[in-house]
Amino acid sequence: LCVQHLHSSSTGFTDSCYDGLYPGHIHTTPIQKALLAVGSGVAALQNPYRHDMVAVLGETTGHLALINLRDRMRNDPEGYTILTERPRIRLSTLDLSKLASLPDGSFGREYLRFLEDNHVTPDSRADVKFVDNEELAYVMQRYREVHDLLHTLLGMPTNMLGEVAVKWFEAAQTGLPMCALGAVLGPLRLNTR
């Protein structure tokens with residue numbers, strides 16, 4: 001199916017072919033999702049810094065948790081606004097000079113410091129591909145985009161211990177199986193040094 005859609009980086013419409021749910025979506029059967037979940041889970045356990053595998057694991061195991069998150073957002077005025085307006089956390093939506101001008105210790109200034117110190121941007125997060133519902137795909141994308149905000153809020157570095165701590169927090173807040181698996185199995189990757 002070819003769909004005409006607006007690219008955020010351009011000013012006009014572009015024709016591109018995708019299945020109609022959202023750009024980049026890859027439809028998968030339940031068996032394919034299970035195989036992707038197992039394969040990405042093994043790869044992520046072997047190398048937890050394979051963000052692509054962690055992302056696939058989250059998308060292929062998170063359907064019920066995403067429904068719950070979406071429903072919680074629908075029942076909250078602020079969450080409903082986010083679902084309706086679909087804001088993105090991207091370099092194009094952040095005023096970096098404003099964040100830099102905030103006082104030390106403020107959330108905005110510390111978030112910018114986190115991004116600079118770790119050489120990451122909000123644009124580093126992969127786009128969702130395997131979630132078979134457009135609204136749930138946005139919820140997953142939003143989860144990814146707030147991940148570094150949680151690092152900042154919790155004061156956690158991007159080393160393995162920091163990632164495990166953030167995963168515990170995310171598991172409690174989101175119910176995503178990938179977060180729970182990362183929280184429980186991540187310590188297996190901690191060094192004794």
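Every heavy atom of this structure was used, including side-chain atoms; hydrogens, water molecules and symmetry mates were not.
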Pairwise distance CZ(Phe130) to OG1(Thr28) - rounded to 0.5 angstrom
6.5 Å

Could you walk me through whether Glu163 and Thr158 pass side chain to side chain contact (heavy atoms under 4.5 Å, CB included), step by step?
CA-CA 6 Å; Glu163 291 296 342; Thr158 58; 3.9 Å; yes

Is Glu110 reaching over with its side chain to a backbone N or O of Gly105, donor-acceptor style, under 3.5 angstrom?
yes

For the student: nearest non-hydrogen atoms of Met140 and Val128, plus distance
CG-CG2, 3.6 Å

Those residues at least two apart in sequence (or on a different chain) that pass side chain to side chain donor-acceptor pair (under 3.5 Å) with Asp123 are Arg90

Please give me the minimum heavy-atom distance between Leu149 and Phe107, naming the atom from each residue.
O-CZ, 3.6 Å

Pro122 side chain near Asp148 side chain, heavy-atom distance below 4.5 Å
no

Identify whether the distance between the nearest side-chain nitrogen and carboxylate oxygen of Arg113 and Glu116 falls below 4.0 Å.
no

If I take atom CG from residue Asn159 and atom CG from residue Asn118, how far apart are they, to the nearest 0.5 angstrom?
9.5 Å

Tyr22 to Val131 - nearest heavy-atom pair and separation:
OH-O, 2.7 Å

Residue pair His63 / Ile67, side-chain heavy-atom distance below 4.5 Å
yes

Can you hop from Ile89 to Leu83 via hydrophobic side chains spaced under 4.5 Å?
no

Short question: side chain of Ser124, backbone of Val120 - any donor-acceptor pair under 3.5 Å?
no

Hey, quick one: are Met156 and Val146 part of the same hydrophobic cluster, counting side-chain heavy atoms closer than 4.5 Å, chains of contacts allowed?
yes

Does the side chain of Ile82 come within less than 4.5 Å of Pro87's, by heavy atoms?
yes

Provide the closest heavy-atom pair for Ala43 versus Met53 in the form atom of the first, atom of the second, distance.
CB-CG, 3.5 Å

Within 45° of the six-membered ring axis of Tyr80 and under 6.0 Å from that ring's centre, is NZ or CZ of Arg74 located there?
no

Give the intermediate values and the outcome of side chain to side chain contact (heavy atoms under 4.5 Å, CB included) for residues Ser106 and Tyr111.
CA-CA 9 Å; Ser106 67; Tyr111 174 61; over 6 Å; no

Exceeds 12 heavy-atom contacts within 6.0 angstrom, atom CG of Leu188:
yes

Could you walk me through whether Tyr143 and Met178 pass the side chain to side chain contact (heavy atoms under 4.5 Å, CB included) test, one step at a time?
CA-CA 12 Å; Tyr143 154 75; Met178 173 269 302; 3.5 Å; yes

Side chain to side chain, Met160 and Pro187, heavy atoms closer than 4.5 Å:
no

Same cluster (ILVMFWY, side-chain, under 4.5 Å), Leu99 and Leu91
yes

Is any NZ, NE, NH1 or NH2 atom of the basic residue among Arg70 and Glu135 found under 4.0 Å from an Asp or Glu carboxylate oxygen of the other?
yes

Give a yes or no on whether Phe169 and Leu181 share a hydrophobic cluster (residues Ile, Leu, Val, Met, Phe, Trp, Tyr; joining criterion: side-chain heavy atoms under 4.5 Å apart).
no

I need the minimum non-hydrogen distance between Lys129 and Glu59, along with the two atoms involved.
N-OE1, 2.9 Å

Take Gln141 and Arg88 through the test side chain to side chain contact (heavy atoms under 4.5 Å, CB included) and record every step on the way to the result.
CA-CA 9 Å; Gln141 191 70 45; Arg88 297 290 304 271; 3.5 Å; yes

Give a yes or no on whether the backbone of Ala126 and the side-chain of Arg144 come within a donor-acceptor separation of less than 3.5 Å.
yes

Under 4.5 Å between side-chain heavy atoms, hopping through other hydrophobics if needed: is there a path connecting Tyr49 to Val184?
yes

State the OG1-CG distance between Thr29 and Leu35, to the nearest 0.5 angstrom.
8.0 Å

Can you tell me how far CG of Leu150 sits from CD of Glu170, rounded to the nearest 0.5 angstrom?
5.5 Å

When you check the gap from the basic side-chain N to the acidic O, do Lys33 and Asp132 get nearer than 4.0 Å?
yes

With rounding to the nearest 0.5 angstrom, report the CZ to CZ distance, Arg142 to Arg86.
11.5 Å

Quick check: closest heavy atoms across Val54 and Pro48, and the distance to 0.1 Å?
CG2-O, 3.9 Å

What's the separation between atom CG in Leu66 and atom CG in Asn133, rounded to the nearest 0.5 Å?
9.0 Å

